[in-house]
Engineer: 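Sharing a structure with you now.
Counting convention: from 1, in listed order, for ligands and their atoms alike. Worth knowing before you read on, the calculation uses all heavy atoms, side chains too, and leaves out hydrogens, waters and symmetry mates.
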Amino acid sequence: VDTGYCGSEDVLHVKIVVAGGRGMLGTDLAAVCRAGGVEVVCRDLPELDICDPDSIAGALEPCDWLVNCAAYTAVDRAESEPDRAMAINRDGAAHLAAWCRRQGAKMLQLSTDYVFDGETEKPYMEDDVPSPLNQYGRTKLESERVVQASGVEHLTIRTQSLFGPGGKNFVEAIRAQLDQSDTPLRVVNDQVSSPTYTRHLARSILRLLEAGNRGIVHVSAGGCCSWYEFAVAIVRSAGANRDVIPVSGSEFPRPARRPRYSVLATDRFEAWTGMTMPSWEEGLRDYLLATPTENKEST
Ligand SMILES: NC(=O)c1ccc[n+]([C@@H]2O[C@H](COP(=O)([O-])OP(=O)(O)OC[C@H]3O[C@@H](n4cnc5c(N)ncnc54)[C@H](OP(=O)(O)O)[C@@H]3O)[C@@H](O)[C@H]2O)c1
């Protein structure tokens with residue numbers, strides 16, 4: 001078992017088109033493909049609008065795999081824009097699946113731990129019953145269902161709490177707070193997940209394509225933590241001398257409800273690939289090495 005991409009000496013001989021290829025995951029997936037000699041083409045707004053079949057037909061090109069990283073990902077805003085979120089996440093995925101069927105391409109759909117309600121004590125398996133708490137989770141569950149119903153040959157990856165270069169993510173939010181004020185950080189301690197580095201996820205995606213299985217699979221970092229524990233690790237890694245105070249999610253009311261415990265079991269991923277995902281701590285370390293910043297506080 002290892003944690004890198006290349007299980008074999010061979011380059012993966014497939015052509016991949018990434019919809020949403022300039023988003024956080026799409027960017028890292030393209031970088032990992034290029035580094036591994038895998039042919040990859042990225043498409044995103046404005047040249048590709050997955051809500052518009054004509055735009056899809058015009059912007060996409062023949063490929064072995066269409067990876068759908070395009071999505072409406074504003075979890076709180078989706079509560080007030082449910083139709084728009086559904087149009088992008090469900091209908092967009094359906095249009096892409098129809099295009100793949102016509103082209104004879106396989107489709108990889110990204111989904112989320114937010115399809116689950118988090119009312120459990122143990123990591124979610126792929127066959128556990130989904131029960132989303134918020135609109136975003138509902139649209140992503142629908143995306144899974146339309147891809148499956150389309151009859152396209154597909155793989156659906158549920159992942160969670162992503163952070164990667166160039167994206168709006170939790171690590172950058174904490175770094176920004178360290179830069180902008182001197183006050184203690186107050187961070188939610190009653191929501192637990194496995195924060196996952198997009199570079200590590202991207203390598204796993206290639207491993208899964210190489211492995212050849214189909215269906216739903218959970219892929220997220222090893223271990224788990226609350227947002228509070230993650231924030232403490234980020235502050236420590238930054239060498240900052242700042243208090244972090246654990247608080248309940250009820251102290252930060254937000255439009256969308258979040259699951260309390262949405263850790264994903266990755267046994268299926270490990271069985272399919274012979275690979276274990278690096279831990280969230282390793283993900284944070286690798287991400288910080290890849291995105292150094294000037295530390296404004298001394299210890
Ligand atoms: N981020 C997370 O923590 C997380 C967790 C679990 C699962 N996921 C899933 O993982 C996938 C990738 O997430 P991400 O964080 O990389 O998302 P992201 O950074 O928000 O990237 C999504 C990309 O899709 C584009 N897009 C939006 N509407 C589109 C449309 N109609 N047509 C074509 N492109 C469109 C966005 O463009 P604009 O920026 O211009 O809108 C953006 O470039 C998504 O399926 C997401 O649901 C994410």
Side-chain angles (χ1 to χ4, degrees), residues 17-32 42-60 66-78 81 83-96 99 107-116 124 130 132 134-144 146-147 154-173 191 193-202 204-205 216-221 227 230 256 258-259 262-264 280 283 287:
V17 171
V18 185
R22 289 191 286 277
M24 188 165 64
L25 175 60
T27 300
D28 248 356
L29 178 59
V32 167
C42 291
R43 295 287 181 262
D44 207 317
L45 288 171
E47 76 275 9
L48 168 68
D49 179 355
I50 65 169
C51 299
D52 176 359
D54 291 338
S55 169
I56 290 173
L60 299 187
L66 184 281
V67 179
N68 182 20
C69 293
Y72 182 109
T73 54
V75 175
D76 285 320
R77 195 155 25 109
E81 291 188 339
D83 294 345
R84 181 161 166 66
M86 199 62 94
I88 296 172
N89 291 350
R90 177 193 61 196
D91 303 342
H95 296 320
L96 290 175
W99 180 86
M107 180 167 173
L108 192 156
Q109 172 66 22
L110 270 299
S111 188
T112 169
D113 57 322
Y114 281 10
V115 300
F116 295 116
Y124 281 104
N134 56 45
Q135 292 290 354
Y136 168 75
R138 281 179 208 113
T139 66
K140 296 300 293 186
L141 181 57
E142 287 302 310
S143 79
E144 296 181 7
V146 294
V147 170
H154 72 280
L155 190 58
T156 295
I157 295 179
R158 293 193 188 123
T159 187
Q160 62 183 190
S161 308
L162 298 182
F163 55 96
K168 281 186 199 156
N169 64 60
F170 185 80
V171 183
E172 292 313 314
Q191 290 165 16
S193 69
S194 305
T196 301
Y197 179 30
T198 49
R199 182 67 51 105
H200 293 167
L201 174 59
S204 306
I205 288 174
I216 298 180
V217 62
H218 291 173
V219 187
S220 56
W227 292 114
F230 195 31
R258 265 79 172 168
S262 57
V263 178
L264 300 173
W280 64 267
Y287 173 77

Engineer: I need the single residue from Thr156, Asn89, Asn68 that forms a side chain to side chain donor-acceptor pair (under 3.5 Å) with Gln109. Which is it?
Structural biologist: Asn68
Engineer: Within the 4.5 Å heavy-atom criterion, are Asp91 and Cys51 side-chain neighbours or not?
Structural biologist: no
Engineer: Just so I know, are the side chains of Trp280 and Pro195 near enough to count as touching, which here means a heavy-atom distance under 4.5 Å?
Structural biologist: yes
Engineer: Tell me which one of Ser143, Ala87, Ala70, Ala71 gets a heavy atom nearest to atom 27 (C) of ligand 1.
Structural biologist: Ala71
Engineer: So Ser193 and Phe230, do their side chains get closer than 4.5 Å, heavy atoms only?
Structural biologist: no
Engineer: What atoms of ligand 1 come closer than 4.0 angstrom to any heavy atom of Leu48?
Structural biologist: 32 (N), 33 (C)
Engineer: Would you say Cys51 has any N or O atom under 3.5 Å from an N or O of ligand 1, going by distance alone?
Structural biologist: no
Engineer: Which residue holds the protein heavy atom closest to atom 7 (C) of ligand 1, what is that atom called, and what is the gap in Å?
Structural biologist: Ser111 O, 3.3 Å
Engineer: Does only the side chain of Tyr136 get under 4.0 Å from ligand 1, or the backbone, or both, or neither? Count heavy atoms.
Structural biologist: side chain
Engineer: Is any side-chain heavy atom of Leu141 closer than 4.5 Å to one of Ser111?
Structural biologist: no
Engineer: With respect to Gly26, determine whether any N or O atom, backbone or side chain, lies less than 3.5 Å from an N or O atom of ligand 1.
Structural biologist: no
Engineer: Using a 4.0 Å cut-off to any heavy atom of Ser161, which atoms of ligand 1 qualify?
Structural biologist: 3 (O), 5 (C)
Engineer: Out of Asp49, Val75, Asp44, Leu25, who gets a non-hydrogen atom closest to atom 25 (C) of ligand 1?
Structural biologist: Asp44
Engineer: May I ask you to identify the nearest protein heavy atom to atom 6 (C) of ligand 1, giving residue, atom name and distance to one decimal place in Å?
Structural biologist: Thr159 O, 3.3 Å
Engineer: For Thr159 and Ser220, indicate whether the former's side chain and the latter's backbone hold a donor-acceptor pair under 3.5 Å.
Structural biologist: no
Engineer: Report the part of Ala19 in contact with ligand 1, treating N, CA, C, O as backbone and CB onward as side chain, heavy atoms under 4.0 Å; options are side chain, backbone, both, neither.
Structural biologist: neither
Engineer: Do any N or O atoms from the side chain of Arg22 and from the backbone of Leu45 form a donor-acceptor pair under 3.5 angstrom?
Structural biologist: yes
Engineer: Any side-chain heavy atom of Leu48 within less than 4.5 Å of one from Ser55?
Structural biologist: yes
Engineer: Tell me, with the steps shown, if Glu172 and Tyr287 meet side-chain hydrogen bond (donor to acceptor under 3.5 Å, both in side chains).
Structural biologist: CA-CA 11 Å; Glu172 292 313 314; Tyr287 173 77; 2.5 Å; yes
Engineer: Just need the protein heavy atom nearest to atom 10 (O) of ligand 1, so name the residue and atom and give the distance.
Structural biologist: Leu110 CB, 3.8 Å
Engineer: Is it true that Cys69 lies under 4.0 Å from ligand 1, counting heavy atoms only?
Structural biologist: yes
Engineer: What part of Thr73, side chain from CB on, backbone N/CA/C/O, both or neither, has a heavy atom under 4.0 Å from ligand 1?
Structural biologist: side chain
Engineer: For ligand 1, note which part of Lys140 has a heavy atom under 4.0 Å away: side chain, backbone, both or neither.
Structural biologist: side chain
Engineer: List the closest protein heavy-atom neighbour of atom 38 (P) of ligand 1: residue, atom name, distance to the nearest 0.1 Å.
Structural biologist: Leu45 CD1, 4.4 Å
Engineer: Tell me, do Ile50 and His95 make a side-chain contact under 4.5 Å, heavy atoms counted?
Structural biologist: no
Engineer: Among all protein heavy atoms, pick the one closest to atom 15 (O) of ligand 1 and tell me residue, atom and distance.
Structural biologist: Met24 CE, 3.5 Å
Engineer: Using a strict threshold of under 4.0 Å (side-chain N to carboxylate O), is an ion pair present between Lys140 and Asp113?
Structural biologist: no
Engineer: What is the nearest protein non-hydrogen atom to atom 3 (O) of ligand 1, stated with its residue, atom name and distance?
Structural biologist: Leu162 N, 2.9 Å
Engineer: Grab the two heavy atoms, one from Tyr124 and one from His218, that are nearest each other, plus how far apart they are.
Structural biologist: O-ND1, 3.0 Å
Engineer: Is there a heavy atom of Gly21 sitting under 4.0 angstrom from any atom of ligand 1?
Structural biologist: no
Engineer: Protein heavy atoms near atom 32 (N) of ligand 1, is at least one of them under 4.0 angstrom away?
Structural biologist: yes
Engineer: Do any nitrogen or oxygen atoms of Gly20 lie less than 3.5 angstrom from nitrogen or oxygen atoms of ligand 1?
Structural biologist: no
Engineer: Do Leu162 and Asn169 have side-chain heavy atoms sitting under 4.5 Å apart?
Structural biologist: no
Engineer: At what distance is the nearest protein heavy atom to atom 21 (O) of ligand 1, and which residue and atom is it?
Structural biologist: Gly23 CA, 3.4 Å
